[in-house]
Amino acid sequence: MNKMEIKKVDLFYGDFHALKNISMDIQEKEITAFIGPSGCGKSTMLKSLNRMNDLIPNCKITGDILLDGKDIYDPKYDINTLRKRVGMVFQNPNPFPISIYDNVAYGPRTHGIKNKAQLDEIVEKSLRGAAIWDEVKDKLKQNATEVSGGQQQRICIARALAVEPEVLLMDEPTSALDPISTLKIEELVQDLKNEYTIIIVTHNMQQATRVSDKTGFFLNGEVIEFGETDKIFSVPQDKRTEDYITGRFG
Ligand SMILES: Nc1ncnc2c1ncn2[C@@H]1O[C@H](COP(=O)(O)OP(=O)(O)O)[C@@H](O)[C@H]1O
Ligand SMILES: [Mg+2]
């Protein structure tokens with residue numbers, strides 16, 4: 001089943017044509033990877049999926065992006081609902097400079113949950129979901145910025161999970177992490193696939209092959225090739241995809 005559908009999307013930053021006629025179907029409970037050299041539009045595409053680019057002046061998007069068949073750019077679509085349903089994790093771990101507990105409780109609180117027992121339960125469940133509960137359960141009051149980078153990133157994942165999203169967007173979530181933390185996040189991403197639809201931008205092609213079901217190769221604002229990860233990496237159909245995955249550029 002298609003969780004999200006990207007249909008003939010063009011995006012401009014002022015005069016600059018950053019996304020060119022992109023169409024892709026994002027399958028429910030699969031992991032989709034976006035790969036490609038830097039500056040080719042991967043983050044732009046990802047941010048379009050929960051309208052993060054609404055805040056950028058001069059940013060204009062045409063075409064349709066559907067979530068469960070509904071156009072998220074419809075003026076009647078509620079942006080708060082969208083951001084709750086489509087969560088995001090960024091490249092650099094960015095916990096708020098408050099306690100681990102308060103980081104994870106932040107989203108639920110803004111959605112009106114005040115009951116302590118209920119918040120406790122959500123915080124534990126989210127930290128467990130992000131595979132970091134055992135490491136932080138005895139220091140929930142500690143400032144989230146004081147733990148290691150890998151732990152901070154998993155706290156950010158817990159923060160995203162706490163509002164029970166359906167889709168999780170991850171923009172190079174391991175690029176600032178050491179190899180061990182990277183592997184932990186990759187394992188976590190595989191576990192999360194049972195419950196969530198995940199789209200992950202990665203610079204690391206091994207990571208794309210390790211974690212994803214589908215891969216889209218971006219180049220200069222276009223999607224050159226999109227399909228099963230195994231096929232993209234073993235029998236790329238386009239010469240440019242082949243050149244990129246064999247390390248000839250990028
Ligand atoms: N806010 C912005 N204003 C103008 N140009 C932007 C903005 N954000 C990104 N771009 C440009 O759009 C292109 C795609 O950027 P981006 O989506 O960040 O690429 P990637 O994530 O693949 O590295 C780049 O040329 C970048 O400079
Ligand atoms: Mg990027």
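For ligands, and for the atoms within them, numbers begin at 1 and follow the listed sequence.
Figure legend: cation-pi geometry between Arg51 and Tyr77 absent, as NZ or CZ is not positioned both under 6.0 Å from the six-membered ring centre and within 45° of its axis.
No N or O atom of Phe16 sits closer than 3.5 Å to an N or O atom of ligand 1. Between Cys40 and ligand 1, an N or O atom pair is found at a separation short of 3.5 Å. Polar contact with ligand 1: absent for Ser38 (N/O pair, distance under 3.5 Å).
Note on ring orientation: taking the six-membered ring where Trp is involved, the planes of Phe96 and Tyr106 are tilted (angle from 30° to 60°).
Atom 26 (C) of ligand 1 is never approached by the protein to below 4.0 angstrom, counting heavy atoms only.
Of the possible polar contacts, none joining the Asn2 side chain to the Gln27 backbone as a donor-acceptor pair under 3.5 Å is found. Under the 3.5 Å distance criterion, the side-chain polar atoms of Thr202 are left unmatched by any main-chain donor or acceptor of Ala208. One N or O on the side chain of Lys42 and one on the backbone of Gly36 form a donor-acceptor pair closer than 3.5 Å.
Counting backbone and side-chain atoms alike, Ser38 contributes no N/O/S atom closer than 2.8 Å to the Mg ion (ligand 2).
Salt bridge annotation for Glu164-Lys125: present, with a cationic side-chain nitrogen under 4.0 angstrom from a carboxylate oxygen.
By the criterion of side-chain heavy atoms lying less than 4.5 angstrom apart, applied directly or through intervening Ile, Leu, Val, Met, Phe, Trp or Tyr residues, Tyr196 is not grouped with Met4; the two fall into different hydrophobic clusters.
The shortest contact between atom 9 (C) of ligand 1 and any protein heavy atom is with Tyr13 CE1, 3.4 Å.
Interface atoms of ligand 1 facing Ser43, defined by a heavy-atom separation under 4.0 Å, are 17 (O), 18 (O), 20 (P), 21 (O). Ligand 1 places these atoms under 4.0 Å from at least one heavy atom of Ile56: 1 (N). Under a 4.0 Å criterion applied to the non-hydrogen atoms of Thr44, ligand 1 contributes the atoms 14 (C), 15 (O), 16 (P), 17 (O).
When Gly39, Gly41, Ser48, Gly36 are ranked by how near their heavy atoms come to atom 23 (O) of ligand 1, first place goes to Gly39.
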